[in-house]
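Note sheet for the following structure.
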Amino acid sequence: MKQAKVMSLGKAVSELVHDGDTVYLAGFTHLIPFAAGHEIIRQQKRNLTLCRATPDLIYDQMVAAGCARKLVFSWAGNPGVGLLRSIRKAVEQGELEIEEYTHYGMTARLMAGATNMPFYPLISNLGSDLPSVNKEIRYVTCPYTGKRISVVPALKPDVSIIHVQRADRHGNAHIWGIVGEQKEAAFAASRVILTAEEIVPDEVIASDPNRTLIPGMIVDAVVEVPWCAHPSYAQGYYDRDNQFYIEYEEISKDPENLSKWLDTWVYGVTDRREYMERLPADRVLALQGRRRYSYPVDYGYYA
Amino acid sequence: MKQAKVMSLGKAVSELVHDGDTVYLAGFTHLIPFAAGHEIIRQQKRNLTLCRATPDLIYDQMVAAGCARKLVFSWAGNPGVGLLRSIRKAVEQGELEIEEYTHYGMTARLMAGATNMPFYPLISNLGSDLPSVNKEIRYVTCPYTGKRISVVPALKPDVSIIHVQRADRHGNAHIWGIVGEQKEAAFAASRVILTAEEIVPDEVIASDPNRTLIPGMIVDAVVEVPWCAHPSYAQGYYDRDNQFYIEYEEISKDPENLSKWLDTWVYGVTDRREYMERLPADRVLALQGRRRYSYPVDYGYYA
Amino acid sequence: MNYTSAEMMVVTAARMLKNGDRVFVGIGMPNLAVNLAKRLHAPDVHMIFEAGVIGAKPSRLPLSIGDPCLVTGAGSVCSMFDVFAFYLQRGLIDIGFLGAAQVDRFGNLNSTVIGSYERPKARLAGSGGACDIACLAKKVFVLIPHEKRRLPEKVDFITSPGFLGGRAERSSLGLEGGPDTVITNKGVLRYDETGEMILTSIHPGVTVDEVLASTGWALKVSSTLEITPEPNDEELRILREELDPTGVYLGGAVV
Amino acid sequence: MNYTSAEMMVVTAARMLKNGDRVFVGIGMPNLAVNLAKRLHAPDVHMIFEAGVIGAKPSRLPLSIGDPCLVTGAGSVCSMFDVFAFYLQRGLIDIGFLGAAQVDRFGNLNSTVIGSYERPKARLAGSGGACDIACLAKKVFVLIPHEKRRLPEKVDFITSPGFLGGRAERSSLGLEGGPDTVITNKGVLRYDETGEMILTSIHPGVTVDEVLASTGWALKVSSTLEITPEPNDEELRILREELDPTGVYLGGAVV
């Protein structure tokens, strides 16, 4: 019989994320599952290999909190603001192993992992010094043109955490707006934790199967976590909290300062609900957009 | 300045399909652009290389009408009914060159073409006799596992014809229901003719950019052709005319019979409007489904 | 009890499905088998169609594998590339149903040509997704009429690899999974440790001699040969009243 | 006329865009340049973001490349894989804008480390899409402050290939396209037939000696050196009133 997949974030992280795991918290700017990262910090997971094209603030916080052994990435910065200071410091001090690719390379690695192909070919990396410092970037010869084509190896996380706007209780999920690498990261992983702004009735998801990028079939846990992505955003739910991204520059300049921030906003709360209780209402309200609905489409009923 | 892309199907076929071209009329059962195939027959295009995973009745008719020199495919049948008799006869009599792949192979060829990669790797073809009769199926060695992986070459049609449910005048198009290989076929081609059940105001398409599988950027001609796909179907617009697929078995058994059918339904009409005038109303009405709308999504407006 | 060969095949196939199985399914008998299983012991079987439909909930019996009724209300719809790459090659498919013009001693399938490729006696539809499924599904189920010309010792053309010359040959190509069960109108056949087909069950009223006479090689017979259980009333009722009320697939002899 | 270095750079970049160009664009100055061109001579420029947004029509100035304002009302939104594979690698991108910590004599770009890779003096953000764009866009435009340490003879690390040691070396790898224009706060630089950078224009008030002194090698100077035309009133009005009213990018000196 079908197992109940709906559970708390605490239970999902506790059961599905293990010390030493390779984890992928997905999201290109959009839908980054901050609440899940904070739960991983609270549960003091250790020796994780953190993978994502754009590590963003959440990986910076996880590195600062001592969760990570290694970072696999393509661009480690605070978009539009500056650097990720904890990550940069850990790398410069040799405390964090890194493995880096290009953006296309990272997404190609996920494509390979998601489709169970050991490698993926891409026209990039040629002439760059990246292959000289990352021996996992290799080459094949095209059997039609004789050209040398760079390839990257499949990335298969032990667990991927994917945040979505809405899902049903089985884990069938609708995502819209920037869809980044969510689908590929989900299919590439052995285990999938799905966090959703809303768990909705089955018929809402079933009304638009083309929008179901993540099928329940590959999902192990479904967790309803409103505002899971803050300070990242959820298109149609809340805006990106750019102000926080700018403030983080100050917060993270001094490790002690960041440590205090973690005490207050991560260790000092039990879950995202308590985190949201601490945020001032006006800040949250300022992140509400105006409604802008898609025109529906007619799937028809043919009997 | 932007060129006007909206034109008649006659003009689009006349300007963009040339004798000797490799053409791809897309559609896996769904959204097959029958009206465009008929226009190609009427304009007596010759020596075409017809490509599609599932040639379906329209390629059978184009072969019968003498348009084709070669067929590139993976499954040549009348789904649920039987064979494609004109194609089968032409192949058995050596009048039609063929090049065949598996379904995955054909779609992988389009992926390669659409992404300008000379080959695409897939775990298939191994142990099959297909590679012994199609020397374009080749192998590479995976530089990570040492495994022998089969590859197929990029398919880059001169022109792809893609039917969609709705598009704007620039060629940005929404497709839903079975999306088959439409996107890949469009990106793989040098030229794209887009036929649409409806040309709609720009804001309808812009209201849901995640559904825009075909961007206007790659489209050369936009043609409004209601019922373009009949006897294939357009999800939410009209059902598949299964009865015609069954009748075609009889129509095509005798080449003379098929020739008469072409005289009436292709040569005997100037366009799809006249074709539809000849169809009995009750047959068309029987193909109407009940409405079944998708729940809209909110994209939000953030200013 | 009164039932057709087709009903026997469909019921036998349905009973082999386990709840939660992810099944790559075609039109016709496999479609009926999966729907029957879903209504009985395996409500959570996932139906996956090569057209890119995941978790179809068809409101009618589809004629084609790309019918609009498969889409409306489905779990998910993706591109054809995605269904082959993200589902089949990803290893998500437990069971693939395949038909064929011929299946041979080692489960190799032919749906390409009868006779030689260059000068075929009959040109068939070709692989479609069959070769892909044969390479990548964990188990392949074949439904086929039991006739000597359809079960030859060696197929005219290997469209879809079974065990090739035996399990070792398949493994040497790096292929996992493979042939599992053949269901005919006369019995059920599986594969022994070498990868050779073996008769494990005969349908009620069928004799072993009849099966052997309808097979193109000296077919092995299991030492624990069983008689296939007959369809029961509930199974037949669902098939006849709900799934194929007009008898398209089950009306007469084997399709 | 009164304008900042940043405004000069943005206006110069904007004027180089042709109507219909498909531009892979980042945040900041490139974003302003494209938006300025769209409001003037090139209304049909396509803005493509690596986040997977095609034909963005932003209602505000985005801080990040993945801002929600880029999505609402856009032409199309696709996955990150798709934007790299179906757009960039497909050959659909005419111009890619890149920033970098360093650009060298042959247009090679560094955004990875200052110093050695193993023991960096400073660890930077890394390639992101830069190496991919440098390999695949038809033309690469670079916006960078003109300082000796940022225009060294040889970059510390080639993140993104320019002409490598010269045009022939790039071609030998099968790469097409490549470096086209560098716009600094002092002038405009292009590449000669060997692939070496050459000063083709200096901004008003800047001397050639000043440019040479700010460049890490003996920079070639074009025999037809021009003075870059100044921003006009309309360009400045659009930049200041419509595109960056709070002066985030254009307010002070060069970013």
Side-chain angles (χ1 to χ4, degrees), chain A residues 27-30 53-54 73-77 79-81 83-84 87-88 91-92 94 98 100-108 110-111 122-130 132-133 145 147-149 176-184 213 232-236 239-240 242 245-246 289 292, chain D residues 27-28 49-53 62-73 77-85 88-89 108 110-112 117-136 155-164 169-170 173-175 248:
Chain A
F28 189 85
T29 313
H30 186 209
T54 52
F73 74 104
S74 41
W75 194 84
V81 178
L83 297 160
L84 295 173
I87 287 176
R88 180 174 172 165
V91 171
E92 287 175 0
I98 58 170
E100 68 184 301
Y101 296 86
T102 69
H103 269 356
Y104 187 16
M106 275 298 278
T107 53
L110 286 177
M111 264 295 275
L122 65 160
I123 300 173
S124 187
N125 297 313
L126 302 166
S128 170
D129 284 336
L130 274 173
S132 71
V133 297
T145 60
K147 275 193 187 166
R148 191 160 170 260
I149 307 276
W176 62 97
I178 288 170
V179 289
E181 80 297 48
Q182 266 90 350
K183 179 177 116 182
E184 293 80 2
L213 293 195
S232 163
Y233 71 103
Q235 190 94 32
D239 197 353
R240 191 167 188 268
N242 287 326
Y245 276 84
I246 292 166
R292 189 63 61 97
Chain D
I27 294 302
F49 289 86
E50 64 186 11
V53 180
L63 177 70
S64 96
I65 211 166
D67 196 273
C69 78
L70 298 172
V71 167
T72 306
V77 175
C78 62
S79 71
M80 213 174 144
F81 174 82
D82 278 8
V83 84
F84 283 103
L88 183 60
Q89 187 171 287
N108 304 301
N110 175 18
S111 52
T112 302
Y117 188 81
E118 290 72 20
R119 295 167 158 260
K121 268 188 258 178
R123 171 68 222 192
L124 310 171
S127 163
C131 174
D132 310 309
I133 293 166
C135 287
L136 291 162
V155 291
D156 293 5
F157 186 94
I158 300 180
T159 308
S160 310
F163 289 120
L164 301 165
E169 189 176 347
R170 182 181 172 96
L173 298 178
L175 294 177
V248 176

For each of [options], tally heavy-atom pairs with chain D at distances under 4.5 Å, and name the one with the top tally.
| options | answer |
| --- | --- |
| A:Gly80, A:Gly180, A:Gly94 | A:Gly180 |
| A:Lys147, A:Arg148, A:Met111 | A:Met111 |
| A:Asp129, A:Ile87, A:Val133 | A:Asp129 |
| A:Val81, A:Thr102, A:Leu83 | A:Thr102 |
| A:Pro79, A:Gly289, A:Ser132, A:Ser124 | A:Ser124 |
| A:His30, A:Glu92, A:Glu184 | A:Glu92 |

Is [X] in contact with chain A via its backbone, its side chain, both, or neither, using a 4.5 Å heavy-atom distance?
| X | result |
| --- | --- |
| D:Tyr117 | side chain |
| D:Cys69 | neither |
| D:Asn110 | neither |
| D:Ala122 | both |
| D:Leu164 | side chain |
| D:Ser111 | neither |
| D:Leu173 | both |
| D:Ala134 | neither |

How long is the gap from [atom1] on [X] to [atom2] on [Y], to the nearest 0.5 Å?
| X | Y | atom1 | atom2 | answer |
| --- | --- | --- | --- | --- |
| D:Arg123 | A:Leu84 | CZ | CG | 11.0 Å |
| D:Cys135 | D:Leu175 | SG | CG | 5.0 Å |
| A:Leu130 | A:Asn125 | CG | CG | 6.5 Å |

For a quick test of reading the model, state the closest non-hydrogen atom pair linking [X] to [Y] and the distance between them.
| X | Y | value |
| --- | --- | --- |
| A:His103 | A:Trp75 | CE1-CB, 3.5 Å |
| A:Phe28 | D:Ile65 | CE2-CG2, 3.5 Å |
| A:Gly27 | A:Gln182 | CA-NE2, 3.5 Å |
| D:Ser160 | D:Cys131 | OG-N, 3.2 Å |

Is it the side chain or the backbone of [X] that comes within 4.5 Å of chain D heavy atoms, both, or neither?
| X | value |
| --- | --- |
| A:Leu126 | both |
| A:Leu122 | both |
| A:Phe73 | side chain |
| A:Arg292 | side chain |
| A:Ile98 | side chain |

Exercise. Can you tell me if D:Thr72 and A:Gln235 form a side-chain donor-acceptor pair at under 3.5 Å?
Worked result: yes
Problem set entry | Aromatic ring pairing D:Phe84/A:Tyr104, orientation class (parallel under 30°, perpendicular over 60°, tilted between) | parallel
For this session: Among D:Gly126, D:Gly52, D:Ser64, single out the residue with the greatest number of heavy-atom pairs under 4.5 Å to chain A.
Result: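 Highest number of heavy-atom pairs under 4.5 Å: D:Ser64.
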Exercise. Tell me, do D:Ser79 and A:Lys183 make a side-chain contact under 4.5 Å, heavy atoms counted?
Worked result: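 No, every pair of side-chain atoms sits at 4.5 Å or beyond.
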Problem set entry | Side-chain heavy-atom pair A:Ser74, D:Ser127 within 4.5 angstrom cut-off |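 With C-beta onward as the side chain, the pair stays apart.
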For this session: List the steps, then state whether side-chain contact (heavy atoms from CB on, under 4.5 Å) holds for A:Thr29 with A:Ile178.
Result: CA-CA 8 Å; A:Thr29 313; A:Ile178 288 170; 5.6 Å; no
